[in-house]
Amino acid sequence: MEPSEIEKLADLARLEITADTVNETAKSINEVLALVDQLKSADTDNVQPMSHPLDVTQVLRPDQVTESCQREKLLESAPATERGLFLVPKVIE
Amino acid sequence: MHSLSIAEIIDKLRKKEFSSQEITQFFLKRIQQNDQKYNSFISLCEEQALTQARAADANLAAQTAPSALCGVPIAHKDIFCTEGLRTTCGSRMLQNFNPPYNATVVENFLSAGAVTLGKTNMDEFAMGSSNETSYFGAVKNPWDLRCVPGGSSGGSAAAVAARLVPGATATDTGGSIRQPAALCGITGIKPTYGRVSRWGMIAFASSLDQAGVMARDARDAALLLSTMASHDHRDSTSMDRPREDYSRQLDKPISELRIGIPKEYFDQGLNAGTEKAVQEAISSLTKLGAKTHAISLPHTHLAVPAYYVIAPAECSTNLSRFDGVRYGHRCENPKDLLDLYKRSRGEGFGAEVKRRILVGTYALSSGYYDAYYRKAQQVRRLIKQDFVDAFKEVDMIVGPTCPSPAFEFGAKGDDPVAMYLEDIYTIAANLAGLPAMSIPCGLVDNKPVGLQLIGNYFAEGSLLNAAHQFQCHTDFHTQTPKDLT
């Protein structure tokens with residue numbers, strides 16, 4: 001992976017990678033990808049992908065409201081709020 | 001008083017040899033006086049602890065049958081949300097985060113009357129095997145301060161090893177309970193996936209994460225796990241099984257036990273001293289009547305590669321919740337929303353977390369999904385099948401927890417792959433979702449070695465039984481670092 005690809009990837013992940021660390025990041029990610037490439041040696045024809053260790057399916061529950069509104073309490077953790085809402089930079093001109 | 005086990009503390013609280021307030025104060029003071037050496041705690045909660053201890057003393061006096069852990073002081077890994085008590089996950093991102101609720105694990109201990117002393121240090125977002133990725137500085141190994149305690153639950157492991165706390169909670173996604181337990185000479189157990197609720201436990205890789213405990217010995221680990229493990233409807237992967245009393249089968253003889261010794265766990269990468277200690281431990285088990293079987297887990301070499309697709313993929317998804325808007329770190333003067341996201345996350349996360357988010361984003365991106373994520377999930381099934389086949393012949397699998405004893409700080413700092421291989425024997429149990437534990441089985445250059453026991457699904461009781469029987473006939477679990485004051 002080239003440093004320019006790292007910048008694109010970081011953009012997709014919404015992650016700032018500073019210019020002075022791009023090369024180093026690319027190098028270490030290439031090392032990890034080389035490790036991961038060992039998977040190619042495995043014969044996985046007709047093997048079902050496994051997403052849950054016990055192959056259990058999702059539990060369903062009745063569609064009922066069980067949570068109470070905790071607006072004030074949850075807003076306490078937010079870095080910036082205004083009039084009971086999360087505050088973000090202007091999105092729509 | 002610091003040398004007491006949880007079982008002994010429970011006994012003495014009932015005999016009124018000391019009160020919960022007295023033992024709580026004792027451990028708080030002990031942490032304050034000694035922890036600058038180890039850095040095993042991120043936060044202490046003196047006031048809350050003493051309030052909880054007062055309530056426990058009242059319950060111990062009033063009730064005829066209080067819960068087993070009533071009045072016993074413990075610590076929580078700083079990955080479990082504690083209401084009103086700072087929960088950092090070892091990250092700058094959550095440096096000032098006060099959760100609005102308690103994790104189910106924390107609730108379970110609170111309703112049993114256990115006392116929370118504080119929150120233990122850890123690798124950032126549980127990503128690391130040496131504790132060097134913590135934003136709050138690395139934890140030092142009490143056996144040798146130049147060495148790492150292991151990770152990611154290094155704070156819980158070091159605190160128990162230095163006898164700053166009788167027991168602690170921890171989590172294990174790829175070895176984060178067993179490897180630090182091995183490196184710090186204590187007992188740690190990761191239960192079956194789904195046995196302990198993940199609700200309120202900050203997520204890293206949701207199909208692998210599982211909470212467990214660290215203690216001095218298997219008897220104490222059984223006491224803690226019996227309180228911790230419960231079904232929780234708020235965690236959709238929590239198993240609907242009744243609570244278990246893991247203390248009940250500790251004393252069962254292990255004369256019928258069939259233990260499998262996987263040849264792949266004794267390969268070239270294994271330190272000679274570690275191998276010798278592990279082989280001696282296996283001989284001790286056979287002297288107690290266990291029968292050994294040579295087995296093979298042929299896909300072992302693919303466990304680390306599969307993990308480093310699945311764990312980063314799930315981490316990149318889970319950590320997308322940190323957006324600088326609802327909670328966590330937010331950058332100064334964002335020029336627009338994209339800048340807010342990118343800089344808040346860029347500043348809030350450390351290098352290893354960023355690396356895993358990027359690897360995960362890559363593995364899940366369009367055009368690469370089949371080659372990486374789907375392939376890794378297929379290999380995951382092959383790894384699980386190795387264990388399913390092995391458990392047709394044996395009851396338990398035994399081998400080393402990690403390839404060598406604790407290494408020095410910085411030894412693997414620049415090489416992520418060398419660090420990842422530290423978990424070469426532990427990761428497969430997470431991929432398969434099996435319960436596994438590490439118990440001390442000797443010293444190499446005065447540093448502890450861990451013996452790993454891997455059980456079949458929901459066989460936590462059998463693992464603790466075998467570990468307890470081993471500990472009844474050996475004294476490795478009673479050994480402590482030399483300069484412990």
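Only a predicted model underlies this, so the values are computations on that prediction, with no experimental measurement involved. Chain naming here is simple, since letters A, B, ... match the order of the sequence lines and numbering starts at 1 in each.
Heavy atoms closer than 4.5 Å to chain A are found in the side chain of B:F458, but not in its backbone. When heavy atoms are compared at a cutoff of 4.5 Å, B:E83 approaches chain A solely by way of its side chain, counted from C-beta outward. Contacts between B:Y101 and chain A at a heavy-atom distance below 4.5 Å are absent for every atom of the residue. In this structure, chain A has no heavy atom under 4.5 Å from any part of B:Y373. Within the 4.5 angstrom heavy-atom criterion, only side-chain atoms of A:T25, from C-beta onward, approach chain B. Looking at B:L302, both its backbone and its side chain come within 4.5 Å of chain A, counting heavy atoms on both sides. Contact of B:A432 with chain A is made through the backbone alone, with heavy-atom distances under 4.5 Å. Both the backbone and the side chain of B:S236 come within less than 4.5 Å of a heavy atom in chain A. For A:V32, the parts sitting under 4.5 Å from any heavy atom of chain B are the backbone and the side chain alike. Contact annotation for B:T192: only side-chain heavy atoms (C-beta onward) come within less than 4.5 Å of a heavy atom of chain A. With a 4.5 Å cut-off on non-hydrogen atoms, B:L319 does not touch chain A at all. Of the two parts of A:S41, only the side chain, counted from C-beta on, holds a non-hydrogen atom closer than 4.5 Å to a non-hydrogen atom of chain B. With a threshold of 4.5 angstrom between heavy atoms, B:K384 approaches chain A through side-chain atoms but not through N, CA, C or O. Contact of A:I17 with chain B is made through the side chain alone, with heavy-atom distances under 4.5 Å. A:L75 does not touch chain B: none of its heavy atoms, backbone or side chain, sits under 4.5 Å away. In this structure, the portions of B:Y193 lying under 4.5 Å from any heavy atom of chain A include both its backbone and its side chain. Both the backbone and the side chain of A:V88 come within less than 4.5 Å of a heavy atom in chain B. Heavy-atom distances place the backbone of A:K40, and not its side chain, under 4.5 Å from chain B.
By number of non-hydrogen pairs under 4.5 angstrom with chain B, the leading residue of A:L54, A:L12, A:T21 is A:L54. Options A:A78, A:A13, A:P49 differ in how many heavy-atom pairs under 4.5 Å they form with chain B, and the most are formed by A:P49. Of the listed residues A:V47, A:V36, A:V59, A:L15, the one with more heavy-atom pairs under 4.5 angstrom with chain B than any other is A:L15. Chosen from B:V325, B:V417, B:V304, the residue pairing most often with chain A at heavy-atom distances under 4.5 Å is B:V325. In terms of heavy-atom pairs under 4.5 angstrom with chain A, the leader among B:D415, B:L434, B:D339, B:T361 is B:T361. Listed options A:P53, A:S51, A:A10 were ranked by heavy-atom pairs under 4.5 angstrom with chain B; first place goes to A:P53. Between chain B and the options A:V56, A:L33, A:L60, heavy-atom pairs under 4.5 Å are most frequent for A:L33.
Looking at B:K375, its side chain never comes within 3.5 Å of a backbone N or O of B:D370 through a donor-acceptor pair. Panel note: side chain A:R14, backbone A:D11; a donor-acceptor pair is recorded below 3.5 Å. The closest donor-acceptor contact from the side chain of B:S129 to the backbone of B:D423 lies at 3.5 Å or more, if one exists at all. No donor-acceptor distance shorter than 3.5 angstrom exists from the side chain of B:R234 to the backbone of B:G200, with no hydrogens or angles considered. Within the 3.5 Å criterion, the main-chain N or O of B:R321 finds a donor-acceptor partner in the side chain of B:R326. Between the side chain of B:T87 and the backbone N or O of B:L85, at least one donor-acceptor pair lies under 3.5 Å.
B:Y457 and B:F391 have their aromatic ring centers separated by at least 6.0 angstrom.
Contact between B:A376 and B:A306 at its shortest, heavy atoms only, is CB-O, 3.9 Å. Across all non-hydrogen atoms, the minimal contact from A:E31 to B:P416 is OE1-CD, 3.6 Å. Taking every heavy atom of both residues into account, A:P89 and B:R330 meet most closely at CD-NH2, 4.4 Å.
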| Can you list the steps and then say if B:F97 with B:Y327 is a ring-ring contact (aromatic ring centres under 6.0 Å, His included)? | CA-CA 7 Å; B:F97 177 58; B:Y327 39 73; 5.8 Å; yes
| request: Just do the salt bridge (charged side-chain N to carboxylate O under 4.0 Å, His left out) check on A:E16 and B:R345 with the steps written out, would you? | output: CA-CA 7 Å; A:E16 184 185 58; B:R345 291 161 61 77; over 6 Å; no
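For B:R355 and B:E352, the salt-bridge test passes: some basic side-chain N is under 4.0 Å from an acidic carboxylate O. Using a cutoff of 4.0 Å between basic side-chain nitrogens and carboxylate oxygens, B:D232 and B:R198 are not scored as salt-bridged.
If you check the side chains of B:E347 and B:H329, you find a donor sitting under 3.5 Å from an acceptor.
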